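Here, residue 1 is the first one in the sequence, and each next residue gets the next number. Predicted, not measured: the structure shown is a model, and the values here were computed from it.
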Amino acid sequence: MPAAPADSRPTLQDKFELDQTDRRIINRLQDGMPVCDQPYLLVADELGIQEHELLSRLQTMLDNKVLSRFGPMFHAERLGGGLALAAMRIPEDEFDHVAAQVNELPEIAHNYQRTHKFNMWFVIATEQKADVERVVSQIESTTGYPVYNMPKIEEYYVGLRFPV
């Protein structure tokens, strides 16, 4: 199926409208979850809502693709795993097909379309460092396109946050 031009794709506002409580939840959770027996209850109390409402709203935002993922972030390399940022140059008329092929692999996260000659960018996360090259080879074999693997040289913490 050919990819739709980037400017004609549905926007977040086309799919789901965030209310003020949703926005407060997203903003609060970007600062992390408490480490305790009932983290959702604690966050719900901070926000002045019930725990079941917090969980229900999170699930609704996930179901409506407002949130693509909600979960912990681990430092894979410190756990013995591998991480790589990768890019591909995919013809526009094949983009969606190739993206689906790449996204089928459980090691793929954060796959984005960019307006650049390298128009597909994604993260490969593996349980073993050596598996990154296996995943790269598998993608190249499946899609027929080269993967440009850019290993991390140094990590910087930038405190990225997107207030909504």
Side-chain angles (χ1 to χ4, degrees), residues 3 6-7 9-36 38-49 54-55 57-90 95 98-100 102-136 139-140 145-164:
D7 60 354
R9 291 180 183 222
T11 65
L12 180 62
Q13 289 75 25
D14 294 333
K15 296 179 181 177
F16 186 85
E17 189 167 327
L18 295 172
D19 68 14
Q20 199 56 28
T21 301
D22 294 328
R23 292 176 190 280
R24 291 177 48 233
I25 290 170
I26 291 170
N27 288 333
R28 168 56 187 87
L29 295 178
Q30 289 186 70
D31 293 330
M33 287 291 287
V35 179
C36 63
Q38 296 180 299
Y40 293 103
L41 178 61
L42 189 64
V43 170
D45 285 347
E46 289 176 26
L47 296 170
I49 61 176
L54 172 63
L55 294 170
R57 285 176 176 267
L58 280 172
Q59 190 60 56
T60 299
M61 289 188 278
L62 287 165
D63 292 346
N64 287 289
K65 310 293 185 207
V66 172
L67 302 177
S68 59
R69 176 184 179 279
F70 179 74
M73 297 283 290
F74 297 103
H75 196 299
E77 292 166 318
R78 289 187 184 170
L79 297 171
L83 278 176
L85 176 64
M88 297 176 77
R89 292 192 296 191
I90 307 299
F95 190 91
V98 173
V102 170
N103 292 342
E104 283 184 14
L105 297 173
E107 297 91 349
I108 303 303
H110 311 294
N111 191 349
Y112 296 100
Q113 183 175 19
R114 303 286 185 205
T115 54
H116 185 269
K117 66 181 176 182
F118 293 98
N119 58 349
M120 183 182 294
W121 290 79
F122 51 92
V123 172
I124 301 170
T126 59
E127 290 184 17
Q128 303 291 322
K129 187 174 183 177
D131 287 342
V132 170
E133 284 305 318
R134 174 190 53 79
V135 172
V136 167
I139 292 169
E140 289 177 333
Y145 292 99
V147 174
Y148 298 87
N149 182 9
M150 293 165 270
K152 178 172 64 178
I153 297 171
E154 188 168 341
E155 183 171 316
Y156 300 93
Y157 177 75
V158 295
L160 184 61
R161 192 173 192 279
F162 298 104
V164 293

Worksheet item: If you look at every heavy atom in A99 and N111, which pair is closest and at what distance?
Response: O-ND2, 4.2 Å
Response to the item:
Smallest heavy-atom separation, P39 atom then P34 atom, equals CB-O, 3.3 Å
Item to complete: List the steps, then state whether ring-ring contact (aromatic ring centres under 6.0 Å, His included) holds for Y148 with F118.
Response: CA-CA 9 Å; Y148 298 87; F118 293 98; 5.0 Å; yes
I want to check something: taking the side chain as every heavy atom from C-beta on, are [X] and [Y] in contact at a cut-off of under 4.5 Å?
X    : Y    : answer
N119 : M88  : no
L160 : Q30  : no
V102 : Y145 : no
L83  : V132 : no
D31  : R161 : yes
L85  : W121 : yes
Q128 : R134 : no
R89  : M120 : no

Practice prompt. With rounding to the nearest 0.5 Å, note down the distance linking CG in L42 to CE in M33.
Written response: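 Here the interatomic distance stands at 8.5 Å.
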Discussion item. Measuring from atom NE2 of H110 to atom CD1 of I108, what distance do you get when rounded to the nearest 0.5 angstrom?
Written reply: 11.0 Å
Fill in: Audit row: E77, K152, side chain to side chain contact (heavy atoms under 4.5 Å, CB included) steps and yes/no
CA-CA 10 Å; E77 292 166 318; K152 178 172 64 178; 2.5 Å; yes
Item to complete: Take V135 and T126 through the side chain to side chain contact (heavy atoms under 4.5 Å, CB included) test and state the conclusion after the steps.
Response: CA-CA 8 Å; V135 172; T126 59; 3.9 Å; yes
Discussion item. Working note: I26 + L18, criterion side chain to side chain contact (heavy atoms under 4.5 Å, CB included); need CA distance, chi angles, decisive distance, verdict.
Written reply: CA-CA 10 Å; I26 291 170; L18 295 172; 4.1 Å; yes
Worksheet item: Would you say N27's side chain and V164's backbone share a donor-acceptor pair under 3.5 angstrom?
Response: yes
Item to complete: Among L41, I25, T21, find the residue that satisfies the side chain to side chain contact (heavy atoms under 4.5 Å, CB included) test when tested with L54.
Response: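 Only match with L54 under side chain to side chain contact (heavy atoms under 4.5 Å, CB included): I25.
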Practice prompt. Could you check whether the rings of F70 and Y40 sit parallel, tilted or perpendicular, using 30° and 60° as the cut-offs?
Written response: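 Taking Y40 first and then F70, their aromatic rings sit tilted (interplane angle of 30° to 60°).
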Worksheet item: Can you pull the salt bridge (charged side-chain N to carboxylate O under 4.0 Å, His left out) pairs that have at least one residue in residues 18-29, sequence neighbours excluded?
Response: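 Of all non-adjacent pairs touching residues 18-29, those that pass salt bridge (charged side-chain N to carboxylate O under 4.0 Å, His left out) are D19-R57, D22-R57, R28-E46.
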Worksheet item: Between L79 and E127, is a side chain to side chain contact (heavy atoms under 4.5 Å, CB included) present by the stated rule, with each step listed?
Response: CA-CA 8 Å; L79 297 171; E127 290 184 17; over 6 Å; no
Worksheet entry | Within 6.0 Å of CZ in R69, more than 12 heavy atoms from elsewhere |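 Enclosed.
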